**Student:** 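First the structure, then my questions, so here it is.
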Amino acid sequence: MIFGLEFPPVENLIEWPAYFGEGTIFEFNKIALINIISVIVPVAIFLVASRSRQMVPKGTQNVAEMSVDFIRSQVIAPTIGHGGEVFLPLLMSLFWFIFLGNLFEIIPTFHMPANARMANPLILALLVFFVFIGVGIKHQGLAYFKNAVVVPGVPAALLVLVIPIEFLSTFIIRPFSHAVRLFANMLAGHILLVTFGVLCITLWTASALVLALPFAFGMLVGLTGFELMVAFLQAYIFTILAGVYIGGAMHPEH
């Protein structure tokens with residue numbers, strides 16, 4: 001209770017009741033529903049686009065081709081380069097899944113980004129982690145692990161310090177920070193939107209504070225637009241970092 005205004009507990013913002021299967025491994029709630037939609041929608045877009053191909057793209061085909069060109073030119077080309085086309089399906093899937101999962105933050109009746117729960121970003125970060133390690137082993141053999149922690153040109157006396165730092169940075173901190181960056185940004189935005197949404201509702205019923213309603217509502221509208229940009233930006237950042245990690249494992253000289 002603040003200045004007579006009552007706000008819901010933080011737990012209510014991130015914990016959702018099960019639709020069915022509560023307490024079992026088959027428990028299904030709002031986050032699971034958002035994840036399923038985030039898989040189905042891009043699959044449907046690309047299926048429709050592939051069935052109605054035209055010389056001059058429009059509608060769904062235009063969306064599909066623009067997204068492919070975006071990932072190819074803005075993610076793969078600058079981060080992986082030669083040979084990176086093979087990762088187009090992976091990076092495209094990551095981008096669409098994360099973007100749509102984030103977008104539910106501003107969709108009425110949902111108001112929850114799937115990536116504001118740590119499970120999603122963690123699983124995606126671990127997926128990228130195992131992919132870039134696999135790529136490193138494929139292209140460098142087991143020497144990949146040595147190349148990843150031994151920095152060329154460092155004096156031998158300093159390697160005792162540099163190797164543990166590089167090991168922690170590459171194999172522990174990297175996947176952790178990859179996941180936390182997405183999770184923390186989406187959770188912070190979700191809390192901000194809910195805060196100003198609850199504030200608007202409360203001020204509408206609090207006669208003495210109703211003068212502050214236009215300010216709170218204006219902030220809510222502005223933050224909604226801002227979070228739309230954040231939903232896209234965080235999907236792009238996660239995807240481009242995945243490209244950077246894969247590119248580093250594929251082309252260690254870079």
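Remember, it's a predicted structure, so these values are computed and weren't measured experimentally.
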**Student:** Report yes if some heavy atom in the side chain of Tyr245 is under 4.5 Å from a heavy atom in the side chain of Val135; otherwise report no.
**Tutor:**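 Result no, sub-4.5 Å side-chain heavy-atom pair not found.
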**Student:** Looking at Ile45 and Thr60, what are the two nearest heavy atoms and their distance?
**Tutor:**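 Looking at all heavy atoms of both residues, the closest pair is O-CG2, 3.2 Å.
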**Student:** Applying a strict under-4.5 Å side-chain criterion to I, L, V, M, F, W and Y, I'd like to know whether Leu168 and Ile163 cluster together.
**Tutor:**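 Yes, it is one cluster - the side chains of Leu168 and Ile163 are joined through contacts under 4.5 Å.
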**Student:** CE/Met118 to CD1/Ile123 distance, rounded to the nearest 0.5 angstrom?
**Tutor:**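 Reported to 0.5 Å precision, the distance equals 10.5 Å.
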**Student:** Is any side-chain heavy atom of Val244 closer than 4.5 Å to one of Ile80?
**Tutor:**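 SC-SC contact between Ile80 and Val244 ruled out.
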**Student:** Using a 4.5 Å cut-off on heavy atoms from C-beta on, say whether the side chain of Leu241 contacts that of Val128.
**Tutor:**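 Heavy-atom side-chain distance check fails, nothing below 4.5 Å.
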**Student:** Transitively linked via ILVMFWY side-chain contacts under 4.5 Å: Leu142 with Phe130?
**Tutor:**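 Same hydrophobic cluster.
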**Student:** In Å and rounded to the nearest 0.5 Å, what is the CG to CD1 distance from Leu94 to Ile71?
**Tutor:**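 Spacing of CG (Leu94) from CD1 (Ile71) equals 9.0 Å.
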**Student:** State, yes or no, whether a side-chain contact exists between Met112 and Arg117 at a heavy-atom distance under 4.5 Å.
**Tutor:**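 Yes; the side chains approach each other to less than 4.5 Å.
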**Student:** Under a 3.5 Å distance rule, please check whether Asn147 uses its side chain to pair with a backbone N or O of Ala143 as donor and acceptor.
**Tutor:**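 It does hold such a pair.
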**Student:** How long is the straight-line distance from OG1 of Thr79 back to CD1 of Ile246, given to the nearest 0.5 Å?
**Tutor:**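 Ile246 atom CD1 to Thr79 atom OG1 measures 8.0 Å (nearest 0.5 Å).
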**Student:** Would Met229 and Tyr236 show up in the same hydrophobic cluster when neighbours are defined by side-chain heavy atoms closer than 4.5 Å?
**Tutor:**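 Shared cluster, yes.
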**Student:** For Asn35 and Phe97: C-alpha separation, side-chain torsions, deciding distance, then whether side-chain contact (heavy atoms from CB on, under 4.5 Å) applies.
**Tutor:** CA-CA 8 Å; Asn35 284 338; Phe97 180 77; 3.5 Å; yes
**Student:** Hey, are the side chains of Phe104 and Lys30 touching, using non-hydrogen atoms and a 4.5 Å cut-off?
**Tutor:**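 Side chain of Phe104 against side chain of Lys30, heavy atoms only: no contact under 4.5 Å found.
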**Student:** Decide yes or no on ring pair (Phe, Tyr, Trp, His ring centres under 6.0 Å) for Phe70 and Phe99, but give the supporting numbers first.
**Tutor:** CA-CA 14 Å; Phe70 173 75; Phe99 174 60; 10.0 Å; no
**Student:** With heavy-atom distances below 4.5 Å as the criterion, would you say the side chains of Ile137 and Phe145 are in contact?
**Tutor:**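 SC-SC contact between Ile137 and Phe145 confirmed.
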**Student:** Does Met66 share a hydrophobic cluster with Val68, counting links as ILVMFWY side-chain heavy atoms below 4.5 Å and allowing steps through other members?
**Tutor:**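 No, no single cluster joins them.
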**Student:** What heavy-atom pair brings Ala49 and Ala64 nearest, and what distance separates the two atoms?
**Tutor:**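 So the minimum-distance heavy-atom pair works out to CB-CB, 3.6 Å.
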**Student:** Would you give the length of the straight line joining atom CZ of Phe238 to atom CG of Leu182, rounded to the nearest 0.5 angstrom?
**Tutor:**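 Here the interatomic distance stands at 6.0 Å.
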**Student:** Quick check: closest heavy atoms across Val75 and Thr239, and the distance to 0.1 Å?
**Tutor:**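 Looking at all heavy atoms of both residues, the shortest contact is CG1-O, 3.8 Å.
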**Student:** Restricting to non-hydrogen atoms, name the atom on Phe171 and the atom on Ala148 that form the minimum distance, rounded to 0.1 Å.
**Tutor:**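 Where Phe171 meets Ala148 most closely, the heavy atoms are CZ-CB, 3.9 Å.
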**Student:** What residue pairs, at least two apart or across chains, pass side chain to side chain donor-acceptor pair (under 3.5 Å) with a residue in residues 164-178?
**Tutor:**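 Output for this query is empty, none listed.
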**Student:** With sequence neighbours left out, what residues match His111 under side-chain contact (heavy atoms from CB on, under 4.5 Å)?
**Tutor:**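 Listed in chain order: Pro108.
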**Student:** According to salt bridge (Lys or Arg N to Asp or Glu O under 4.0 Å), who are the partners of Arg181, at least two apart in sequence or on a separate chain?
**Tutor:**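 With sequence neighbours excluded, Arg181 shows a salt bridge (Lys or Arg N to Asp or Glu O under 4.0 Å) to no residue whatsoever.
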**Student:** Using the side-chain contact (heavy atoms from CB on, under 4.5 Å) rule, take Phe132 and Tyr144 through it: C-alpha gap first, then chi angles, then the decisive distance, then the call.
**Tutor:** CA-CA 11 Å; Phe132 79 71; Tyr144 164 69; 3.4 Å; yes
**Student:** How would you list, by chain and number, every residue that makes a side-chain contact (heavy atoms from CB on, under 4.5 Å) with Phe28, sequence neighbours excluded?
**Tutor:**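 Expected list: Tyr19, Phe20, Ala32, Leu33, Ile36.
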**Student:** Which is it for Asn115 and Ile98 under the side-chain contact (heavy atoms from CB on, under 4.5 Å) test, yes or no, and what are the steps along the way?
**Tutor:** CA-CA 7 Å; Asn115 297 303; Ile98 295 170; 3.8 Å; yes
**Student:** Consider only side-chain heavy atoms of I, L, V, M, F, W and Y, link residues closer than 4.5 Å, and tell whether Val162 and Ile165 are in one cluster.
**Tutor:**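 No, no single cluster joins them.
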**Student:** Hey, does Met186 have a side-chain heavy atom less than 4.5 Å from the side chain of Val230?
**Tutor:**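 Yes. Closest side-chain heavy atoms under 4.5 Å.
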**Student:** Enter the distance from Glu85:CD to Ile76:CD1 here, rounded to the nearest 0.5 Å.
**Tutor:**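 If we round to the nearest 0.5 Å, Glu85:CD and Ile76:CD1 are 5.0 Å apart.
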**Student:** Quick one: CZ on Phe110 to CH2 on Trp16, what's the gap to the nearest 0.5 Å?
**Tutor:**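 Reported to 0.5 Å precision, the distance equals 10.5 Å.
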**Student:** For Glu22, enumerate each residue passing the side-chain contact (heavy atoms from CB on, under 4.5 Å) test, keeping only those at least two apart in sequence or located in another chain.
**Tutor:**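 So Glu22 forms a side-chain contact (heavy atoms from CB on, under 4.5 Å) with Ala18, Glu27.
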**Student:** Asn102 and Gln234: side-chain donor and acceptor closer than 3.5 Å?
**Tutor:**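 Not at all, the side chains of Asn102 and Gln234 share no donor-acceptor pair under 3.5 Å.
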**Student:** How close do Ser93 and Pro89 get, heavy atom to heavy atom, and via which atoms?
**Tutor:**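 Scanning both residues, the minimum pair turns out to be OG-O, 2.7 Å.
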**Student:** Determine, step by step, whether Ser67 and Phe95 satisfy the side-chain contact (heavy atoms from CB on, under 4.5 Å) criterion, reporting the C-alpha distance in whole Å, the side-chain angles of both residues, the deciding distance to 0.1 Å, and the verdict.
**Tutor:** CA-CA 9 Å; Ser67 63; Phe95 176 80; 5.6 Å; no
**Student:** Does Ile25 sit in a hydrophobic cluster with other residues, and if so which ones, taking ILVMFWY side chains as linked at heavy-atom separations under 4.5 Å, directly or through other members?
**Tutor:**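 Direct or chained contacts put Ile25 with Phe26.
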**Student:** Compare every heavy atom of Val160 with every heavy atom of Pro164, then report the nearest pair and how far apart it is.
**Tutor:**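 Minimum heavy-atom separation between Pro164 and Val160: CD-O, 3.2 Å.
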